[in-house]
Amino acid sequence: MLTVGTFLPPAPDGGTAPPGAPGRAGKIPPRDHALLMELLRGLTGVEFLHGLDIRRSCVRNGRVYAGDVCLNDLDLYVWYARMARDPGGYTLEALRTLSLDVPVVPDPSRFATGLDKYRAHLTLSRAGLPVPDTLLFGPGDTEAAAPVLAEWGRALLKPRRGAYGQGVLLVEDFATLRDLAGYLDRTGAAPADRTFLLERVCSSGGPADWLGTTLVNGRLMYGYRKRGHRFTRLSADVWKVYDPTGTGGDADRCDVPAAHARLVRRAQQVLGLPLVGFDLIVSDGRPVIVDENTFPGLYPDLFAAAGRSLGRELFALVEGLVGEVREPPAPAFTPEPADRNRTALTRPGAGVPGAVRQ
(Lines give C-alpha, C1' and ligand atoms only; values in the text may rest on other atoms or scores of the structure.)
Protein backbone atom coordinates (compact mmCIF):
# COMPACT_ATOMS: atom_id res chain seq x y z
CA MET A 1 0.00 0.00 0.00
CA LEU A 2 1.45 3.35 -1.05
CA THR A 3 0.84 6.50 0.97
CA VAL A 4 0.45 9.62 -1.14
CA GLY A 5 0.10 13.07 0.35
CA THR A 6 -1.50 15.92 -1.57
CA PHE A 7 -2.16 19.61 -1.31
CA LEU A 8 -4.46 20.26 -4.28
CA PRO A 9 -7.01 22.77 -2.97
CA PRO A 10 -9.89 23.83 -5.22
CA ALA A 11 -10.18 27.39 -6.43
CA PRO A 12 -12.81 29.55 -4.68
CA ASP A 13 -16.33 29.00 -6.02
CA GLY A 14 -17.86 32.42 -5.67
CA GLY A 15 -17.62 32.48 -1.88
CA THR A 16 -15.16 34.23 0.36
CA ALA A 17 -12.32 32.67 2.27
CA PRO A 18 -10.28 34.17 5.10
CA PRO A 19 -6.69 35.14 4.28
CA GLY A 20 -4.40 32.13 4.32
CA ALA A 21 -7.24 29.61 4.02
CA PRO A 22 -6.83 26.75 1.53
CA GLY A 23 -9.49 28.33 -0.68
CA ARG A 24 -7.18 31.27 -1.23
CA ALA A 25 -4.48 28.89 -2.41
CA GLY A 26 -6.55 26.88 -4.86
CA LYS A 27 -6.12 27.02 -8.63
CA ILE A 28 -8.11 23.95 -9.74
CA PRO A 29 -11.71 24.81 -10.76
CA PRO A 30 -14.18 23.30 -8.22
CA ARG A 31 -15.92 20.86 -10.60
CA ASP A 32 -12.63 19.53 -11.89
CA HIS A 33 -11.38 19.23 -8.34
CA ALA A 34 -14.46 17.22 -7.32
CA LEU A 35 -14.00 14.89 -10.31
CA LEU A 36 -10.30 14.46 -9.51
CA MET A 37 -11.06 13.49 -5.90
CA GLU A 38 -13.73 11.03 -7.06
CA LEU A 39 -11.36 9.36 -9.51
CA LEU A 40 -8.57 9.16 -6.93
CA ARG A 41 -10.89 7.32 -4.56
CA GLY A 42 -11.09 4.53 -7.11
CA LEU A 43 -7.32 4.12 -7.37
CA THR A 44 -6.49 0.80 -5.66
CA GLY A 45 -3.46 0.10 -3.53
CA VAL A 46 -3.06 3.75 -2.55
CA GLU A 47 -3.91 5.60 0.64
CA PHE A 48 -4.32 9.31 0.00
CA LEU A 49 -3.81 11.94 2.67
CA HIS A 50 -5.35 15.10 1.24
CA GLY A 51 -5.03 18.62 2.57
CA LEU A 52 -1.41 18.41 3.73
CA ASP A 53 -0.79 22.16 3.50
CA ILE A 54 2.93 22.67 2.92
CA ARG A 55 2.48 26.39 3.65
CA ARG A 56 1.52 25.59 7.25
CA SER A 57 4.14 22.96 7.89
CA CYS A 58 7.35 23.16 9.88
CA VAL A 59 10.76 21.63 9.29
CA ARG A 60 12.38 19.93 12.27
CA ASN A 61 15.90 18.60 11.78
CA GLY A 62 15.32 18.26 8.07
CA ARG A 63 11.93 16.54 8.38
CA VAL A 64 8.77 18.31 7.28
CA TYR A 65 5.68 18.08 9.50
CA ALA A 66 2.11 19.06 8.63
CA GLY A 67 0.30 18.65 11.94
CA ASP A 68 1.30 15.22 13.22
CA VAL A 69 2.09 13.80 9.77
CA CYS A 70 5.75 13.63 8.81
CA LEU A 71 5.74 14.19 5.07
CA ASN A 72 9.14 12.52 4.75
CA ASP A 73 7.39 9.21 5.48
CA LEU A 74 5.18 9.47 2.39
CA ASP A 75 5.86 7.61 -0.82
CA LEU A 76 4.87 10.63 -2.93
CA TYR A 77 3.78 14.23 -2.37
CA VAL A 78 1.74 16.04 -5.05
CA TRP A 79 0.89 19.72 -4.70
CA TYR A 80 -0.43 22.58 -6.79
CA ALA A 81 -1.32 25.80 -5.02
CA ARG A 82 -0.57 29.50 -4.90
CA MET A 83 2.48 30.51 -2.93
CA ALA A 84 4.56 33.56 -2.11
CA ARG A 85 6.82 34.34 -5.05
CA ASP A 86 9.57 36.02 -3.06
CA PRO A 87 12.98 34.32 -3.33
CA GLY A 88 13.92 32.36 -0.25
CA GLY A 89 10.31 31.98 0.90
CA TYR A 90 9.37 29.25 3.36
CA THR A 91 7.11 27.15 1.12
CA LEU A 92 9.72 26.47 -1.55
CA GLU A 93 12.35 25.82 1.11
CA ALA A 94 10.11 23.25 2.81
CA LEU A 95 9.37 21.59 -0.53
CA ARG A 96 13.07 21.46 -1.40
CA THR A 97 13.84 19.88 1.95
CA LEU A 98 11.07 17.32 1.50
CA SER A 99 12.28 16.46 -2.00
CA LEU A 100 15.56 15.19 -0.53
CA ASP A 101 13.66 12.13 0.75
CA VAL A 102 10.37 11.94 -1.16
CA PRO A 103 9.37 12.46 -4.81
CA VAL A 104 7.69 15.88 -4.90
CA VAL A 105 5.59 16.93 -7.91
CA PRO A 106 5.93 19.57 -9.21
CA ASP A 107 9.63 19.47 -8.40
CA PRO A 108 10.30 22.59 -6.29
CA SER A 109 13.59 23.50 -7.97
CA ARG A 110 12.03 23.31 -11.42
CA PHE A 111 9.00 25.21 -10.17
CA ALA A 112 11.25 27.95 -8.79
CA THR A 113 12.93 28.21 -12.18
CA GLY A 114 9.54 28.57 -13.86
CA LEU A 115 8.55 31.33 -11.42
CA ASP A 116 11.66 33.34 -12.26
CA LYS A 117 11.41 35.07 -15.66
CA TYR A 118 15.19 35.37 -15.90
CA ARG A 119 15.99 31.75 -15.06
CA ALA A 120 13.12 30.41 -17.16
CA HIS A 121 14.29 32.39 -20.21
CA LEU A 122 17.88 31.32 -19.56
CA THR A 123 16.93 27.65 -19.27
CA LEU A 124 14.97 27.69 -22.53
CA SER A 125 17.68 29.68 -24.31
CA ARG A 126 20.36 27.19 -23.26
CA ALA A 127 18.18 24.48 -24.79
CA GLY A 128 18.14 26.37 -28.09
CA LEU A 129 14.57 27.65 -27.86
CA PRO A 130 13.68 31.17 -29.02
CA VAL A 131 13.17 33.69 -26.20
CA PRO A 132 13.93 37.43 -26.06
CA ASP A 133 17.43 38.61 -25.21
CA THR A 134 17.77 39.50 -21.51
CA LEU A 135 20.04 41.58 -19.32
CA LEU A 136 20.35 41.14 -15.55
CA PHE A 137 22.07 43.76 -13.40
CA GLY A 138 22.20 45.00 -9.82
CA PRO A 139 21.00 48.39 -8.58
CA GLY A 140 24.58 49.54 -8.07
CA ASP A 141 25.64 48.58 -11.60
CA THR A 142 23.12 50.45 -13.72
CA GLU A 143 25.92 51.84 -15.92
CA ALA A 144 26.58 48.29 -17.14
CA ALA A 145 23.19 48.38 -18.85
CA ALA A 146 23.93 51.55 -20.83
CA PRO A 147 25.69 50.02 -23.87
CA VAL A 148 23.20 47.16 -24.08
CA LEU A 149 20.21 49.50 -23.99
CA ALA A 150 21.90 51.70 -26.60
CA GLU A 151 22.27 48.62 -28.84
CA TRP A 152 18.67 47.46 -28.30
CA GLY A 153 17.14 50.92 -28.47
CA ARG A 154 14.48 50.05 -25.90
CA ALA A 155 13.62 47.25 -23.50
CA LEU A 156 11.02 45.98 -21.07
CA LEU A 157 11.83 46.22 -17.38
CA LYS A 158 10.16 43.17 -15.81
CA PRO A 159 9.73 41.85 -12.27
CA ARG A 160 11.54 38.52 -12.24
CA ARG A 161 8.66 36.84 -10.44
CA GLY A 162 5.80 38.94 -11.70
CA ALA A 163 2.44 37.94 -13.17
CA TYR A 164 -0.49 39.34 -15.15
CA GLY A 165 1.67 42.00 -16.79
CA GLN A 166 1.84 43.94 -13.52
CA GLY A 167 4.94 46.09 -13.11
CA VAL A 168 6.18 45.64 -16.70
CA LEU A 169 7.54 48.96 -17.97
CA LEU A 170 8.88 50.12 -21.34
CA VAL A 171 12.30 51.81 -21.06
CA GLU A 172 13.42 53.79 -24.11
CA ASP A 173 16.56 55.54 -22.82
CA PHE A 174 19.28 55.00 -20.25
CA ALA A 175 18.48 58.11 -18.20
CA THR A 176 15.01 56.75 -17.45
CA LEU A 177 16.43 53.35 -16.50
CA ARG A 178 19.12 54.89 -14.28
CA ASP A 179 16.69 57.13 -12.42
CA LEU A 180 14.03 54.45 -12.08
CA ALA A 181 16.49 51.91 -10.69
CA GLY A 182 17.89 54.53 -8.33
CA TYR A 183 14.46 55.54 -7.12
CA LEU A 184 13.42 51.93 -6.44
CA ASP A 185 16.69 51.22 -4.66
CA ARG A 186 16.59 54.28 -2.42
CA THR A 187 12.94 53.99 -1.49
CA GLY A 188 13.28 50.35 -0.48
CA ALA A 189 11.03 49.27 -3.35
CA ALA A 190 13.77 47.44 -5.24
CA PRO A 191 13.23 43.70 -5.87
CA ALA A 192 13.89 41.44 -2.90
CA ASP A 193 16.72 39.72 -4.77
CA ARG A 194 18.32 43.11 -5.55
CA THR A 195 18.38 42.54 -9.28
CA PHE A 196 16.73 44.15 -12.30
CA LEU A 197 15.72 42.30 -15.46
CA LEU A 198 15.62 43.91 -18.88
CA GLU A 199 14.10 42.07 -21.82
CA ARG A 200 14.66 43.13 -25.41
CA VAL A 201 11.51 44.17 -27.24
CA CYS A 202 10.64 41.73 -30.02
CA SER A 203 8.94 43.19 -33.06
CA SER A 204 5.42 41.88 -33.66
CA GLY A 205 2.13 42.78 -35.25
CA GLY A 206 0.54 43.58 -31.90
CA PRO A 207 -2.16 41.68 -29.98
CA ALA A 208 -3.13 39.67 -33.07
CA ASP A 209 0.27 37.96 -32.93
CA TRP A 210 -0.10 36.97 -29.26
CA LEU A 211 -1.03 33.39 -28.32
CA GLY A 212 -1.35 31.70 -24.93
CA THR A 213 -1.06 27.95 -24.37
CA THR A 214 -1.80 25.54 -21.52
CA LEU A 215 -0.11 22.15 -21.09
CA VAL A 216 -1.00 19.44 -18.57
CA ASN A 217 0.98 16.25 -18.06
CA GLY A 218 3.09 16.96 -21.14
CA ARG A 219 0.08 17.41 -23.42
CA LEU A 220 -1.01 20.61 -25.11
CA MET A 221 -4.58 21.25 -23.95
CA TYR A 222 -5.44 24.29 -26.06
CA GLY A 223 -4.38 27.68 -27.31
CA TYR A 224 -6.17 30.91 -26.51
CA ARG A 225 -6.16 34.60 -27.26
CA LYS A 226 -6.90 37.31 -24.73
CA ARG A 227 -9.69 39.70 -25.62
CA GLY A 228 -8.82 43.21 -26.69
CA HIS A 229 -9.43 44.94 -23.36
CA ARG A 230 -6.83 42.66 -21.72
CA PHE A 231 -4.08 44.42 -23.68
CA THR A 232 -2.64 47.81 -22.88
CA ARG A 233 -0.42 49.94 -25.11
CA LEU A 234 3.06 50.86 -23.87
CA SER A 235 3.97 52.79 -27.04
CA ALA A 236 2.74 53.12 -30.59
CA ASP A 237 3.89 49.59 -31.44
CA VAL A 238 4.48 47.85 -28.09
CA TRP A 239 1.69 46.13 -26.14
CA LYS A 240 1.42 43.95 -23.09
CA VAL A 241 -1.23 41.71 -21.58
CA TYR A 242 -2.39 43.45 -18.42
CA ASP A 243 -4.69 42.17 -15.68
CA PRO A 244 -4.62 44.57 -12.70
CA THR A 245 -6.85 42.36 -10.54
CA GLY A 246 -5.11 39.06 -11.31
CA THR A 247 -8.41 37.31 -12.00
CA GLY A 248 -7.52 35.89 -15.42
CA GLY A 249 -10.18 34.92 -17.91
CA ASP A 250 -11.46 36.89 -20.92
CA ALA A 251 -9.87 34.37 -23.26
CA ASP A 252 -11.14 32.62 -26.37
CA ARG A 253 -9.89 29.26 -27.60
CA CYS A 254 -7.95 29.27 -30.86
CA ASP A 255 -6.01 26.84 -33.00
CA VAL A 256 -2.30 26.44 -32.26
CA PRO A 257 -0.10 26.50 -35.38
CA ALA A 258 2.17 23.48 -35.75
CA ALA A 259 5.36 25.49 -35.16
CA HIS A 260 3.94 26.95 -31.95
CA ALA A 261 2.82 23.50 -30.77
CA ARG A 262 6.26 21.96 -31.35
CA LEU A 263 7.90 24.84 -29.52
CA VAL A 264 5.75 24.73 -26.37
CA ARG A 265 5.94 20.94 -26.13
CA ARG A 266 9.72 21.15 -26.24
CA ALA A 267 9.70 24.01 -23.71
CA GLN A 268 7.56 21.93 -21.32
CA GLN A 269 10.08 19.09 -21.56
CA VAL A 270 12.96 21.46 -20.84
CA LEU A 271 11.32 23.03 -17.78
CA GLY A 272 9.97 19.66 -16.61
CA LEU A 273 6.75 21.06 -15.13
CA PRO A 274 3.54 18.98 -15.31
CA LEU A 275 1.31 22.08 -15.42
CA VAL A 276 2.71 25.01 -17.35
CA GLY A 277 1.75 27.61 -19.91
CA PHE A 278 3.64 29.68 -22.44
CA ASP A 279 2.80 33.00 -24.06
CA LEU A 280 4.14 33.47 -27.56
CA ILE A 281 4.31 36.18 -30.19
CA VAL A 282 5.32 36.01 -33.84
CA SER A 283 8.51 38.00 -34.38
CA ASP A 284 10.34 38.13 -37.71
CA GLY A 285 8.11 35.33 -38.97
CA ARG A 286 8.75 32.81 -36.18
CA PRO A 287 7.15 32.08 -32.79
CA VAL A 288 9.03 33.34 -29.74
CA ILE A 289 8.24 32.48 -26.11
CA VAL A 290 7.85 35.74 -24.19
CA ASP A 291 6.49 34.37 -20.91
CA GLU A 292 6.47 31.13 -18.92
CA ASN A 293 3.51 30.53 -16.60
CA THR A 294 3.80 28.12 -13.69
CA PHE A 295 0.11 28.86 -13.06
CA PRO A 296 -1.32 28.56 -16.58
CA GLY A 297 -4.84 29.46 -17.57
CA LEU A 298 -7.08 26.57 -16.43
CA TYR A 299 -10.32 27.68 -18.09
CA PRO A 300 -13.19 25.15 -17.84
CA ASP A 301 -14.93 26.51 -20.94
CA LEU A 302 -11.77 26.15 -23.01
CA PHE A 303 -11.19 22.60 -21.78
CA ALA A 304 -14.78 21.79 -22.80
CA ALA A 305 -14.33 23.44 -26.19
CA ALA A 306 -11.19 21.36 -26.73
CA GLY A 307 -13.05 18.17 -25.75
CA ARG A 308 -10.89 17.65 -22.68
CA SER A 309 -11.41 17.40 -18.93
CA LEU A 310 -8.94 18.96 -16.52
CA GLY A 311 -10.08 16.63 -13.74
CA ARG A 312 -9.32 13.56 -15.86
CA GLU A 313 -6.02 14.97 -17.07
CA LEU A 314 -4.93 15.58 -13.48
CA PHE A 315 -6.02 12.08 -12.50
CA ALA A 316 -3.94 10.65 -15.34
CA LEU A 317 -0.99 12.64 -14.03
CA VAL A 318 -1.34 11.30 -10.47
CA GLU A 319 -2.03 7.78 -11.69
CA GLY A 320 1.16 7.88 -13.76
CA LEU A 321 3.18 9.17 -10.81
CA VAL A 322 1.86 6.36 -8.61
CA GLY A 323 2.88 3.88 -11.29
CA GLU A 324 6.41 5.31 -11.35
CA VAL A 325 6.70 5.02 -7.57
CA ARG A 326 5.50 1.41 -7.71
CA GLU A 327 7.88 0.45 -10.50
CA PRO A 328 10.74 2.95 -10.62
CA PRO A 329 13.11 2.84 -13.61
CA ALA A 330 15.97 0.37 -13.28
CA PRO A 331 19.09 2.04 -11.81
CA ALA A 332 21.94 2.78 -14.18
CA PHE A 333 24.37 1.20 -11.72
CA THR A 334 24.47 -1.77 -9.35
CA PRO A 335 23.80 -0.50 -5.81
CA GLU A 336 26.14 -1.34 -3.00
CA PRO A 337 24.89 -3.91 -0.46
CA ALA A 338 24.20 -1.14 2.05
CA ASP A 339 21.86 0.49 -0.47
CA ARG A 340 20.11 -2.79 -1.26
CA ASN A 341 19.48 -3.45 2.42
CA ARG A 342 18.24 0.03 3.28
CA THR A 343 15.08 -0.23 5.36
CA ALA A 344 11.85 1.45 4.34
CA LEU A 345 10.70 4.64 6.04
CA THR A 346 8.23 4.23 8.88
CA ARG A 347 4.71 5.36 7.94
CA PRO A 348 2.79 7.67 10.27
CA GLY A 349 -0.23 6.15 11.88
CA ALA A 350 -2.16 9.33 12.57
CA GLY A 351 -3.81 11.96 10.43
CA VAL A 352 -3.44 15.71 10.39
CA PRO A 353 -6.06 18.34 11.12
CA GLY A 354 -7.60 19.29 7.80
CA ALA A 355 -6.27 16.23 6.03
CA VAL A 356 -8.61 13.67 4.50
CA ARG A 357 -7.55 10.03 4.68
CA GLN A 358 -8.88 7.71 1.98
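Side chain of Ser57 to backbone of Ile54: a donor-acceptor contact under 3.5 angstrom is found. Counting only distance, with no hydrogens or angles, the side chain of Tyr77 and the backbone of Leu52 share a donor-acceptor pair below 3.5 Å. Judged by distance alone, the side chain of Tyr299 and the main-chain N or O of Ala304 form no donor-acceptor pair under 3.5 Å. The backbone N or O of Ser109 lies less than 3.5 Å from a partner atom in the side chain of Thr113, making a donor-acceptor pair. Without hydrogens or angle criteria, Thr214 side chain to Gly277 main chain gives no donor-acceptor distance under 3.5 Å. Checking side-chain atoms of Thr213 against main-chain N and O of Phe278 turns up a donor-acceptor pair under 3.5 Å. In this structure, Gln268 contributes its side chain and Leu273 its backbone to a donor-acceptor pair below 3.5 Å. Remark: side-chain polar atoms of Arg110 are paired, donor with acceptor, to backbone N or O of Leu271 under 3.5 angstrom. With hydrogens and angles ignored, the 3.5 Å screen pairs no side-chain donor or acceptor of Lys27 with any backbone N or O of Ala81.
Minimum heavy-atom separation, Arg227 to Ala251: NH2-O, 3.8 Å. Pro159 and Gln166 make their closest contact through CG-O, 3.6 Å (heavy atoms, listed as atom of the first residue, atom of the second, distance). Listed here is the closest heavy atom pair of Leu92 and Pro108: CD2-O, 3.7 Å. Scanning both residues, Ala11 and Pro30, for their nearest heavy atoms gives O-CG, 3.5 Å. Scanning all heavy atoms of the two residues, the minimum distance from Ala94 to Val64 falls at O-CG2, 3.7 Å. The shortest heavy-atom contact between Phe111 and Pro106 is CD1-CB, 4.1 Å.
Taken from OG1 in Thr195 to CG in Leu197, the straight-line distance is 7.5 Å, to the nearest 0.5 Å. Put simply, CZ on Phe315 and CE on Met37 are 11.0 Å apart, with the number rounded to the nearest 0.5 Å. Rounding to the nearest 0.5 angstrom, the gap separating the CD1 atom in Ile281 from the OG atom in Ser203 is 7.0 Å. Atoms CG and CG, from Leu35 and Leu40 in turn, are 9.5 Å apart once rounded to the nearest 0.5 Å. A distance of 8.5 Å separates NZ in Lys226 from CG in Asp279, rounded to the nearest 0.5 Å. Between the CG atom of Leu156 and the CG atom of Leu234 there is a distance of 6.5 Å, given to the nearest 0.5 Å.
Applying the 6.0 Å contact sphere to CZ of Arg233 captures more than 12 heavy atoms from other residues, nucleotides or ligands. Arg119 CZ: 12 or fewer foreign heavy atoms inside a 6.0 Å radius. Heavy atoms from other residues, nucleotides or ligands lying under 6.0 Å from CZ of Arg312 number 12 at most. In this structure, Tyr118 places its OH atom where only 12 or fewer heavy-atom neighbours from other residues, nucleotides or ligands lie under 6.0 Å away.
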Could you walk me through whether Asp173 and Arg154 pass the salt bridge (Lys or Arg N to Asp or Glu O under 4.0 Å) test, one step at a time? CA-CA 7 Å; Asp173 59 77; Arg154 56 187 179 172; over 6 Å; no
Could you walk me through whether Phe48 and Thr6 pass the side-chain contact (heavy atoms from CB on, under 4.5 Å) test, one step at a time? CA-CA 7 Å; Phe48 283 99; Thr6 78; 4.1 Å; yes
Could you walk me through whether Leu115 and Met83 pass the side-chain contact (heavy atoms from CB on, under 4.5 Å) test, one step at a time? CA-CA 10 Å; Leu115 277 177; Met83 64 165 61; 4.3 Å; yes
Step-by-step ring pair (Phe, Tyr, Trp, His ring centres under 6.0 Å) determination, Phe7 to Tyr80: CA-CA 6 Å; Phe7 184 53; Tyr80 192 69; over 10 Å; no
Run Glu292 and Lys117 through salt bridge (Lys or Arg N to Asp or Glu O under 4.0 Å) and show every step you take. CA-CA 7 Å; Glu292 304 86 1; Lys117 308 301 181 186; 5.4 Å; no
Can you check side-chain contact (heavy atoms from CB on, under 4.5 Å) on Leu314 and Leu275, steps first, answer last? CA-CA 9 Å; Leu314 292 175; Leu275 281 82; 3.9 Å; yes
List the steps, then state whether side-chain contact (heavy atoms from CB on, under 4.5 Å) holds for Trp79 with Val104. CA-CA 8 Å; Trp79 69 280; Val104 175; 3.7 Å; yes
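Considering only heavy atoms from C-beta on, Leu198 comes within 4.5 Å of Leu177 through its side chain. Under the 4.5 Å side-chain criterion, counting only non-hydrogen atoms from C-beta, Val4 is not in contact with Glu47. Counting heavy atoms from C-beta on, the side chains of Tyr65 and Leu71 never come closer than 4.5 Å. By the 4.5 Å heavy-atom criterion applied to side chains, Pro29 and Leu310 are counted as neighbours. Within the 4.5 Å cutoff, side-chain heavy atoms of Val241 are placed close to those of Phe231. Annotation: side chain of Leu39 is not in contact with side chain of Leu43 (no heavy-atom distance under 4.5 Å). Side-chain atoms of Val102 and Asp75, non-hydrogen and from C-beta on, never get closer than 4.5 Å to each other. Side-chain contact between His260 and Leu263 is absent, with no heavy atoms from C-beta onward closer than 4.5 Å.
Residues passing the salt bridge (charged side-chain N to carboxylate O under 4.0 Å, His left out) test with Arg230, sequence neighbours excluded: Asp243, Asp250. Taking Arg200 as the reference, Asp133 meet the salt bridge (charged side-chain N to carboxylate O under 4.0 Å, His left out) condition, with sequence neighbours excluded.
Screening Asp73, Asp101, Thr97 against Arg63 for a side-chain hydrogen bond (donor to acceptor under 3.5 Å, both in side chains) leaves a single residue, Asp73.
When hydrophobic clusters are built by joining Ile, Leu, Val, Met, Phe, Trp and Tyr residues whose side-chain heavy atoms come closer than 4.5 Å, directly or via intermediates, Leu211 is grouped together with Val264. There is no path of hydrophobic side-chain contacts, each under 4.5 Å, that joins Val105 to Leu100. Residues Val276 and Leu129 are members of one and the same hydrophobic cluster, defined by side-chain heavy-atom contacts under 4.5 angstrom among Ile, Leu, Val, Met, Phe, Trp and Tyr. In the hydrophobic clustering of this structure, Leu8 groups with Val325; members are Ile, Leu, Val, Met, Phe, Trp, Tyr whose side-chain heavy atoms approach within less than 4.5 Å, directly or through other members. Cluster membership for Leu124 and Leu220, using ILVMFWY side-chain heavy atoms within less than 4.5 angstrom, is shared.
Using modelled atom types and a 3.5 Å distance limit, the side chains of His121 and Thr134 yield no donor-acceptor pair.
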Which atom pairs, one a donor and one an acceptor, fall under 3.5 Å between side chains of residues 137-145 and the rest of the protein, sequence neighbours left out?
residue : atom : partner : partner atom : Å
Thr142  : OG1  : Pro139  : O            : 3.2

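No salt bridge links Arg225 with Asp252; every basic N to acidic carboxylate O contact stays at or beyond 4.0 Å.
Ring-centre distance between Tyr242 and Tyr164: not below the 6.0 Å cut-off.
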